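All values derive from a computational prediction rather than experimental measurement.
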Amino acid sequence: MTTYRAPVRDMQFVINELAGLKSLAALPGYEEVTPELAETVLGEAARLAGEVLAPLNKPGDERGASLTKDGVAAADGFAAAYRRFVDNGWNGLGGDPEYGGQALPGLLAAAAVEMWNSANMSFALCPLLTAGAMEAIKAHASDELKNRFLPKLVSGEWSGTMNLTEPQAGSDLSAVRTKAVPEGDHYRISGQKIFITWGDHDMAENIVHLVLARLPDAPEGTRGISLFVVPKFLVDADGALAARNDVECASIEHKLGIHASPTCVMSFGEKEGAIGYLVGRENEGLPHMFTMMNEARQKVGLQGLAIAERAYQAARDYAKERVQGRPVGQRSGDRVTIIHHPDVRRMLLTMKSQIEAMRGFGYVLAADVDLAHKHPDTAERQRHQERVDLLTPVLKGWCTELGVEIASLGIQVHGGMGFIEETGAAQHLRDARIAPIYEGTTGIQAGDLVGRKLPGDNGRAMAALIGEMCAVEAQLGGSDNLDFPAIRENLAVGIQALEQATQWMLQTIGRDPDAALGASVNYMMLTGYVCGGWQMARAALVARARLNAGEDEDFCLAKIATARFYAEQILPKANALLTAVKSGASTALVLEEAQF
């Protein structure tokens with residue numbers, strides 16, 4: 001079982017060279033964000049991840065959270081780790097300074113999120129949901145509710161949850177039945193919610209639930225859903241905790257992975273009715289909740305990156321230690337570690353190259369979020385917001401699917417030992433498997449991309465993205481480095497595949513939505529692979545410039561070689577997916593229900 005060491009050097013490279021930290025430092029409120037500050041933040045975050053969170057990962061998986069007569073008890077050591085997390089200010093890293101936050105760029109928060117989830121995905125889910133709750137309350141709640149709840153949420157003294165789905169509803173939120181009955185200045189909430197991550201625990205003194213519910217006269221469907229704050233303990237006007245609210249955890253799920261993260265069935269209003277407070281406007285709860293949902297989807301995309309990094313480190317370290325076999329063609333002499341075998345090298349580079357592509361893609365999109373919020377020019381804010389809207393489903397869907405693939409490949413590198421729990425490789429795959437499911441399945445993300453985001457502006461944001469990719473492709477010419485022609489050729493083919501697939505989608509979604517939606521996951525994955533190739537090409541260009549300046553030779557040579565491997569071995573998947581996209585869902589829709 002290996003320890004976790006945050007890849008700080010590569011994180012710094014992406015933050016500074018690809019995501020443009022210096023340009024963020026020019027934005028209002030970020031003037032003091034320097035590379036030196038970023039280095040300090042990353043170093044301290046890496047220390048907490050490696051020394052505090054990572055050692056709890058395997059014990060937490062083995063013991064899990066437990067339901068007691070007093071509620072849910074976190075796995076051993078988690079409460080102390082959470083106190084250290086909160087006391088050191090990590091929960092407020094990107095929080096609004098009006099409520100006690102540090103207001104650092106989301107780009108730096110993205111790197112921290114990667115570290116937390118690599119070190120201990122179960123633990124990291126708690127602050128992940130709290131961050132989303134903070135965003136929803138900040139964006140839509142009254143000033144009174146903001147002042148009552150945000151300071152404690154920002155500090156992490158209280159945690160937050162998202163209560164959407166119900167047993168009969170699943171992802172179809174139009175079927176939500178939880179009730180909200182007006183009563184004076186509040187509402188009485190009654191109903192049951194399922195799959196509530198960290199819905200109850202003993203790490204924070206209060207838990208602030210954001211709950212979707214229906215008013216008595218609400219219209220049917222998603223238009224009749226409202227959003228409410230329902231705290232575990234009621235809060236006085238001065239912010240002090242008061243009586244216990246009528247909300248409790250009825251049970252916790254027994255899951256494939258993330259055992260130390262309690263996934264709760266939450267019961268509201270079993271007695272007199274839970275007291276809740278309206279967030280935003282009546283019957284507009286779903287769009288209000290999507291503020292939290294989009295925040296969560298971006299971070300879950302980073303979870304895919306994070307668990308892939310952890311699986312890669314374990315596989316790489318094992319490959320350097322495990323002695324087995326001789327080099328090809330040798331029948332005598334010393335046996336070698338398996339990292340000397342060509343197929344093991346292929347697997348490790350498949351993992352490493354896609355992780356670096358995901359990191360480039362995820363961090364650059366995090367910088368787009370910062371620019372969408374902070375850029376002084378309205379048109380620039382809008383441009384970056386369009387990019388974020390377009391690519392958030394890709395980040396969530398593509399990165400989480402790759403997280404599962406890479407964690408599975410990590411087991412393969414371990415061979416038989418990977419199938420044994422003691423090595424820890426199996427836990428990474430078990431933990432990774434939830435990420436393509438929660439916060440909207442891969443199919444939901446793909447459907448959002450092709451059904452809403454792409455046709456919403458008739459492909460304008462995608463065309464702008466493709467234009468930027470073409471500009472990078474053009475920069476890859478004119479080099480005597482033999483790696484660059486291969487990178488350029490494969491990137492050009494990938495961009496062409498994305499452009500053709502986009503045209504097909506825009507032409508098809510209106511006249512044959514079943515065909516378009518049936519091909520949507522393939523289109524989303526194609527987009528992800530090409531976005532990854534775009535970032536890997538940008539990384540190679542920066543590495544070449546550094547080499548020409550006589551800097552970081554080993555790091556830069558490895559960066560270029562990894563970019564070429566991605567271009568030659570991973571990016572061709574885009575062209576194969578283009579063929580699948582253009583076939584639509586014709587064969588998937590041929591069979592009658594009884595024929596399955």
Where do Ala103 and Tyr30 come nearest, in terms of heavy atoms and distance? O-CE2, 3.2 Å
Determine yes or no for a side-chain-to-main-chain donor-acceptor pair under 3.5 angstrom, with Thr508 supplying the side chain and Met505 the backbone. no
With sequence neighbours excluded, give me every salt bridge (Lys or Arg N to Asp or Glu O under 4.0 Å) pair touching residues 376-389. Glu380-Arg383, Arg383-Glu468, Glu386-Arg460, Arg387-Glu468
Ignoring hydrogens and angles, tell me if any N or O in the side chain of Arg297 forms a donor-acceptor pair with the backbone of Pro393 under 3.5 Å. no
Of the non-hydrogen atoms in Pro436 and Ala432, which two are nearest, and what is the gap between them? CD-O, 3.4 Å
4.5 Å side-chain heavy-atom contact, Phe361 and Leu391: yes
I'd like to know whether CZ of Arg430 has more than 12 heavy-atom contacts from other residues, nucleotides or ligands below 6.0 angstrom. yes
Does some side-chain heavy atom of Met266 sit less than 4.5 Å from a side-chain heavy atom of Cys249? yes
Holding to salt bridge (charged side-chain N to carboxylate O under 4.0 Å, His left out), I want the full list of residues that pass it with Glu98, two or more places apart in sequence or in another chain. none
Side chain to side chain donor-acceptor pair (under 3.5 Å) partners of residues 445-454, not counting sequence neighbours, each pair once: Asp448-Lys453
Table please: side-chain donor-acceptor pairs of residues 520-528 below 3.5 Å, with sequence neighbours left out.
from, atom 1, to, atom 2, distance (Å)
Ser520, OG, Leu517, O, 2.7
Tyr523, OH, Thr502, OG1, 2.7
Thr527, OG1, Tyr523, O, 2.9

For the pair Arg281 (side chain) and His140 (backbone), establish whether a donor and an acceptor sit closer than 3.5 Å, ignoring hydrogens and angles. no
Cys126 side chain near Met203 side chain, heavy-atom distance below 4.5 Å: yes
From CG (Leu402) to CD1 (Ile307), nearest 0.5 Å: 14.0 Å
Counterpart residues, side chain to side chain donor-acceptor pair (under 3.5 Å), relative to Tyr438 (two or more places apart): Gln303
Which heavy atom in Val230 sits nearest to a heavy atom in Ala274, and how many Å separate them? CG1-CB, 4.0 Å
Should Ile466 and Val530 be marked as a side chain to side chain contact (heavy atoms under 4.5 Å, CB included) after you check the CA-CA gap, both sets of side-chain angles, and the distance that decides it? CA-CA 10 Å; Ile466 290 172; Val530 179; over 6 Å; no
Angle class for the His201/Trp198 ring planes (parallel below 30°, perpendicular above 60°, tilted otherwise)? perpendicular
Just grab all the side chain to side chain donor-acceptor pair (under 3.5 Å) pairs involving residues 230-253, residues at least two apart or on different chains. Asp200-Lys232
Salt-bridge contact Lys152-Glu157 (side-chain N to carboxylate O under 4.0 Å): yes
With sequence neighbours excluded, what pairs up with Tyr187 under the ring-ring contact (aromatic ring centres under 6.0 Å, His included) test? Phe228
4.5 Å side-chain heavy-atom contact, Leu67 and Pro262: no
Do any pairs count as a side chain to side chain donor-acceptor pair (under 3.5 Å) and have a residue in residues 83-95, sequence neighbours left out, and if so which ones? none
Leu449 side chain near Leu390 side chain, heavy-atom distance below 4.5 Å: yes
Applying salt bridge (Lys or Arg N to Asp or Glu O under 4.0 Å) as the test, list every pair that has at least one member in residues 358-375; sequence neighbours left out. Asp10-Arg359, Glu114-Arg359, Glu309-Arg359
I need the Ser122 OG to Phe78 CZ distance, nearest 0.5 Å. 5.5 Å
Side-chain contact test, heavy atoms from C-beta onward, threshold under 4.5 Å: evaluate it for Arg223 versus Asn283 and give yes or no. no
Looking at Arg214, is its backbone amide N or carbonyl O close enough to the side chain of Ser226 to form a donor-acceptor pair, meaning the two atoms are under 3.5 Å apart? no
CD (Glu220) and CD1 (Ile225) are apart, to the nearest 0.5 Å, by 10.0 Å
Which pairs, with at least one residue in residues 131-142 and sequence neighbours excluded, count as a salt bridge (Lys or Arg N to Asp or Glu O under 4.0 Å)? Asp96-Lys138
Verify side chain to side chain contact (heavy atoms under 4.5 Å, CB included) between Trp116 and Leu48, making sure each step is shown before the conclusion. CA-CA 9 Å; Trp116 310 146; Leu48 181 68; 3.8 Å; yes
Taking the side chain as every heavy atom from C-beta outward, state whether Met162 and Glu439 have any atom pair closer than 4.5 Å. yes
Under 3.5 Å, side chain of Lys146 to main-chain N/O of Tyr99, donor-acceptor pair present? no
Just wondering, do Met121 and Ile434 contact through their side chains at under 4.5 Å, heavy atoms? yes
Any sub-3.5 Å donor-acceptor pair from Asn117's side-chain atoms to Val113's backbone N or O? yes
Least distance between heavy atoms, Ala65 atom then Ile252 atom: O-CD1, 3.6 Å
So, for Pro216 and Pro182, which heavy atoms are closest and what is the spacing to 0.1 Å? CD-CD, 4.0 Å
To the nearest 0.5 Å, how far apart are OG1 in Thr197 and CD1 in Ile258? 6.0 Å
What's the separation between atom CG in Leu21 and atom CG in Leu24, rounded to the nearest 0.5 Å? 6.0 Å
Shortest non-hydrogen pair, Ala112 vs Leu93, comes out as CB-CD2, 4.0 Å
Go through the steps for Lys193 and Leu164 under the test side chain to side chain contact (heavy atoms under 4.5 Å, CB included), then give the verdict. CA-CA 7 Å; Lys193 298 290 185 178; Leu164 283 75; 5.7 Å; no
Return the orientation label for the Tyr277 and Phe149 ring planes: parallel under 30°, perpendicular over 60°, tilted otherwise. tilted
I need the Trp398 CH2 to Leu305 CG distance, nearest 0.5 Å. 9.5 Å
Pair Ile275, Arg188 - check side chain to side chain contact (heavy atoms under 4.5 Å, CB included), show working. CA-CA 5 Å; Ile275 293 177; Arg188 290 285 180 176; 3.5 Å; yes
With Lys396, which residues qualify under salt bridge (charged side-chain N to carboxylate O under 4.0 Å, His left out), at least two apart? none
Quick one: do Asp431 and Arg310 make a salt bridge, cutoff under 4.0 Å? no
Side-chain (Thr130) to main-chain (Gly160) donor-acceptor, under 3.5 angstrom: yes
Flag, side chain of Asp202 to backbone of Ala74, donor-acceptor distance under 3.5 Å: yes
Check side chain to side chain donor-acceptor pair (under 3.5 Å) between Thr442 and all other residues, then give those that pass, not counting sequence neighbours. Glu401
